Amino acid sequence: MTRKTPVAVMISGRGSNMAALIEACEAPDFPAEIVLVLSNRYEAKGLKTAADAGIATEVIDYRGKGSRKAFEDAATAAIEAAGAELICLAGFMRLLTPHFVEHWRDRLINIHPSLLPAFPGLDTHERAIQTGVRISGCTVHFVRAEMDSGPIIVQAAVPVTAKDTARTLAARVLEQEHRIYPLAVALIASGKARRVGEQVIVDEDLSGLPPLVVPPTA
Ligand code: GAR
C-alpha cells in the first residue's frame, strides 16, 4: 500500500459525515487517514465519536473572546502540527476568511447539502422545497472564498417528492453525503481528481451511470 494522505476534519456539531470518513479510512486500502478532528465548539457531539475511534481531537472555541484571525491561526497551527495535507470541512459552520482559504487552497474541501451552485448557505432543504425543485442532492467541492463555492469534485442527486419536509429531504440527502464524501477524499488522495482551472477532472469512466430524471420520463 502506498502512503496514505493525512487528513484533518473540521466539525461544529453532530459529525455524521466525519463518522463516514472515519469508517472509510478504516479500510486498509483507503488512500487517506484522519490525523486530527478539530472543532470550534466544545459541545460538538462528533468529538466523542472521533475520540472513541482513537483519533486525536482538538477544540479551538474562540466564541466571544477572539478574532476570526486568531481562531484561524490557531487552527492552521494545529492542523500543520498534526501533519495534515488535506482539510475536510464536515458540518463546520463558521465562515472562513479568504486568508485561511488561500493558505489551504486546493487542500481544503467542503460538503454542502445541495446541488451547488443552487442553494448555498443555510436552510438549504427548506429553500429547495419552497422552490419546487424535483431533484436535490449534495456536493463536495474545493473551497473558495465565497461561501459554498469552488470547483466541484463529486455530486449526488436525490428526488424531491411532494410529501417531503425539510427533515425527510435532509435525511435522504445525508445518506448520499455519507457516500460521496469518502469517495471525494479517495479520488483526491489517489490523484484521480485533478483541478484544471476551476473544474475538477476525474480520471475514471463514469459514462455508464444511469440518469436521474424526476418525474421519470418512462
Ligand atoms: C451536513 O448536512 C452538511 O452537508 C451540512 O451540515 C450537515 C452537518 O452534518 N453543511 C453545510 O450546510 C455547510 N454549508 P454532520 O455534522 O452530521 O456531518
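We count ligands from 1, going down the list as the structure has it; atoms in each ligand are counted the same way. Treat the numbers as computed from the prediction; the structure is a model and nothing was measured.
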J.: What is the closest protein heavy atom to atom 14 (N) of ligand 1, and at what distance does it sit?
T.: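 In this structure, atom 14 (N) of ligand 1 has H112 ND1, 3.0 Å as its nearest protein heavy atom.
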J.: If you compare all heavy atoms of P182 against all heavy atoms of F30, which two are closest, and at what distance to 0.1 Å?
T.: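 Scanning both residues completely, I find the closest heavy atoms to be O-CZ, 3.5 Å.
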J.: Transitively linked via ILVMFWY side-chain contacts under 4.5 Å: L183 with I188?
T.: yes
J.: Please list the nearest protein heavy atom to atom 16 (O) of ligand 1 with its residue and the distance rounded to 0.1 Å.
T.: G15 N, 2.8 Å
J.: Do you see a donor-acceptor pair shorter than 3.5 Å between the side chains of Q176 and R179?
T.: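 Short answer, yes.
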J.: What protein heavy atom is closest to atom 9 (O) of ligand 1, reported as residue, atom name and distance in Å?
T.: R14 NH2, 3.1 Å
J.: Would you mind checking which non-hydrogen protein atom is closest to atom 1 (C) of ligand 1, with the distance to 0.1 Å?
T.: E177 OE1, 3.2 Å
J.: Given C88, which partner from the list L108, I109, V37 fulfils the side chain to side chain contact (heavy atoms under 4.5 Å, CB included) test?
T.: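 Output: one option passes, namely I109.
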J.: For ligand 1, is any non-hydrogen atom under 4.0 Å from M147's backbone (N, CA, C, O), its side chain (CB onward), both, or neither?
T.: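 Near ligand 1, M147 shows nothing, with every heavy atom at 4.0 Å or more.
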J.: Taking 4.0 angstrom as the limit, do E146 and R144 come out as a salt bridge?
T.: no
J.: Whether the S16 and H178 side chains hold a donor-acceptor pair (N or O, under 3.5 Å, no angle test) is what I'd like checked.
T.: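 The answer is yes; a qualifying pair exists.
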J.: Work out whether the distance between some heavy atom of I11 and some atom of ligand 1 is less than 4.0 Å.
T.: no
J.: What protein heavy atom is closest to atom 10 (N) of ligand 1, reported as residue, atom name and distance in Å?
T.: I111 O, 3.6 Å
J.: Considering heavy atoms of the protein only, find what lies nearest to atom 12 (O) of ligand 1 and give residue, atom and distance to 0.1 Å.
T.: P113 CD, 3.4 Å
J.: Is any side-chain N of the basic residue among R105 and E198 closer than 4.0 Å to the acidic one's carboxylate O?
T.: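 So R105 pairs with E198 through a salt bridge.
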J.: Kindly confirm or rule out a cation-pi arrangement of R195 over F142, judged by NZ or CZ under 6.0 Å from the six-membered ring centre and within 45° of its axis?
T.: no
J.: Which residue from S16, A170, A19, G91 reaches closest to atom 15 (P) of ligand 1 through any of its heavy atoms?
T.: S16
J.: So is there a nitrogen or oxygen of L174 less than 3.5 Å from a nitrogen or oxygen in ligand 1?
T.: no
J.: Under 4.0 Å, heavy-atom basis, I'd like to know which part of L89 is in contact with ligand 1: side chain, backbone, both or neither.
T.: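 Near ligand 1, L89 shows nothing, with every heavy atom at 4.0 Å or more.
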J.: I need the atoms of ligand 1 closer than 4.0 Å to a non-hydrogen atom of D148, numbered in the order shown.
T.: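 Reading through ligand 1 atom by atom, the close ones are 14 (N).
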